[in-house]
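Each chain gets a letter, A, B and so on, in the order its sequence line appears, and its residues count up from 1. FYI, side chains are in, hydrogens and waters are out, and symmetry mates aren't considered; it's all heavy atoms of this structure.
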Number of protein chains: 2
Amino acid sequence: MKLTSKGRYAVMALVDLARFNTINPVSLRDISLRQGISLDYLEQIFSKLRKKEIVQSVRGTQGGYILNKKAKEIKLINIFEAVDEKVKTVKCKKESKKGCNGKAIKCLTHNLWDELENHINNFFDKKSLDDLVKDNSERRV
Amino acid sequence: MKLTSKGRYAVMALVDLARFNTINPVSLRDISLRQGISLDYLEQIFSKLRKKEIVQSVRGTQGGYILNKKAKEIKLINIFEAVDEKVKTVKCKKESKKGCNGKAIKCLTHNLWDELENHINNFFDKKSLDDLVKDNSERRV
DNA sequence: TATAAACCCGACTAAAATAGTCAAGTATCT
DNA sequence: AGATACTTGACTATTTTAGTCGGGTTTATA
Ligand code: FES
Ligand code: FES
């Protein structure tokens, strides 16, 4: 069970953005340099974030991205959903009545994994971007 | 973030084992058939479980595996550790003072992922094999 | 004592997912 | 006009996962 770079980068980049986006948009180039993330990869990630209205883009020179909502209103779960970093613990299709092995009944561990999924998502539901910025407010890179 | 088959199968197989292992050892063949897991793959998994003393093997005809401890004393975390299904959320080496990008300081999200890791491991720490068997005690496959 | 059931072990491989790269744009500021 | 920066889609290398395969050894039982 591991977190992928895509999810990690998305959050990292947004925390960076939230810290610096006081007046002007922040360019991906800056984020790329500060956080050590490939610019091309960041572009893919921000394209998704924009489509899900987490950020807004400003084109042209001096352009970049700005948050589309208050940092307090952006939860980790929103970010993860936007970049398709879903938590997936069950093997079967949840809606289906069939189990993961094709049998007519859910497997012995189905409920367990479902609980686990909720447990993890609860965590992402509680944490907002604002919390993360505050956690880092005393530190400087 | 997803659970791998190895971890899922390990738990599934052990729940099956715990349910049927009243007197006699349970063969992997039986588990394979009941749970729809490849026999060869199960062998790999049980080899690890045996090395970590979660189960004991009985060789020869009518052989199989038995639990090496009480079901109540086997926590999910023990199973996951045994089969190397670790929860890995941080990118950096935890012991090191360096961050994930090679910088001298931990990244903006390090603490968050560390918290997440603890949050997930807490779940695995609480659940025992016995809990799972009980959850399924009314169902029959 | 032969046979079959079952564990034991290591190497190999196909498929999938991840983590990018690359190329060719378009918009906007100065 | 030129530079900066977003936009898009396709492509690729690497890694991980989820097995398979081929050879064992042990032991109950007919
Ligand atoms: S995970 Fe849902 S039935 Fe097995
Ligand atoms: S995850 Fe530990 S420093 Fe980034």
To the side chain of A:Q62, which of C:dG20, C:dC29, D:dC6 is closest?
C:dC29

Can you list every pair that meets ring pair (Phe, Tyr, Trp, His ring centres under 6.0 Å) and has a residue in residues 69-98 of chain A, with sequence neighbours left out?
A:F80-A:F124

For A:Y65, report the nucleic acid contact type (base, sugar-phosphate, nothing); a contact means any heavy atom under 4.0 Å.
sugar-phosphate

Within this structure, what is the CD-to-C1' distance between A:Q56 and D:dT7, rounded to whole angstrom?
16 Å

With nearest nucleotide decided by heavy atoms, which residue, A:D40 or B:Q44, maps closer to the 5′ end of DNA chain C?
B:Q44

According to a strict under-4.0 Å criterion, is A:T61 in side-chain N/O contact with OP1 or OP2 of C:dA27?
no

Quickly work out the B:D84 CG to D:dA18 P distance and round it to whole Å.
13 Å

Suppose we call a contact any N or O donor and acceptor under 3.5 Å apart; does that hold for the side chain of B:R59 and the base of D:dT25?
yes

Short N-O contact, A:K94 and A:D114, less than 4.0 angstrom:
yes

When the distance from CG of B:N24 to C1' of D:dA28 is rounded to whole Å, what number comes out?
13 Å

Gap between atoms NZ and P, on B:K51 and C:dG10 respectively (whole Å)
6 Å

Want to settle it: does B:V26 or A:Y41 sit nearer the 5' end of DNA chain C, counting the closest nucleotide to each?
B:V26

Does a side-chain N or O from A:S47 land closer than 4.0 Å to OP1 or OP2 of D:dC6, or not?
no

Salt bridge (Lys or Arg N to Asp or Glu O under 4.0 Å) contacts in which one or both residues fall within residues 64-86 of chain B, not counting sequence neighbours
B:K48-B:D84

Compare side-chain N and O positions of A:R50 against OP1 and OP2 of D:dT7 and report whether any pair is under 4.0 Å apart.
yes

Test item: B:D40 and B:Q44 side chains (from C-beta on) under 4.5 Å apart, heavy atoms
no

Between B:S5 and D:dA18, does any side-chain N or O lie under 4.0 Å from OP1 or OP2?
yes

It should be established whether B:R29 places a side-chain nitrogen or oxygen under 4.0 Å from OP1 or OP2 of nucleotide C:dA5.
no

Within this structure, what is the CG-to-C1' distance between A:L28 and C:dA27, rounded to whole angstrom?
15 Å

Atom-pair distance (CG on A:L42; P on C:dG20), nearest Å:
10 Å

Measure from CD1 on A:I45 to C1' on D:dT7 and round the result to the nearest Å.
15 Å

For a quick check of understanding: with a heavy-atom distance under 4.0 Å over all strands, which category does A:S57 fall into, base, sugar-phosphate or nothing?
sugar-phosphate

Heavy-atom distance under 4.5 Å between the side chains of A:S5 and B:K91, does that happen here?
yes

Rounded to whole Å, the CG-P distance (B:D30 to C:dA5) equals 12 Å

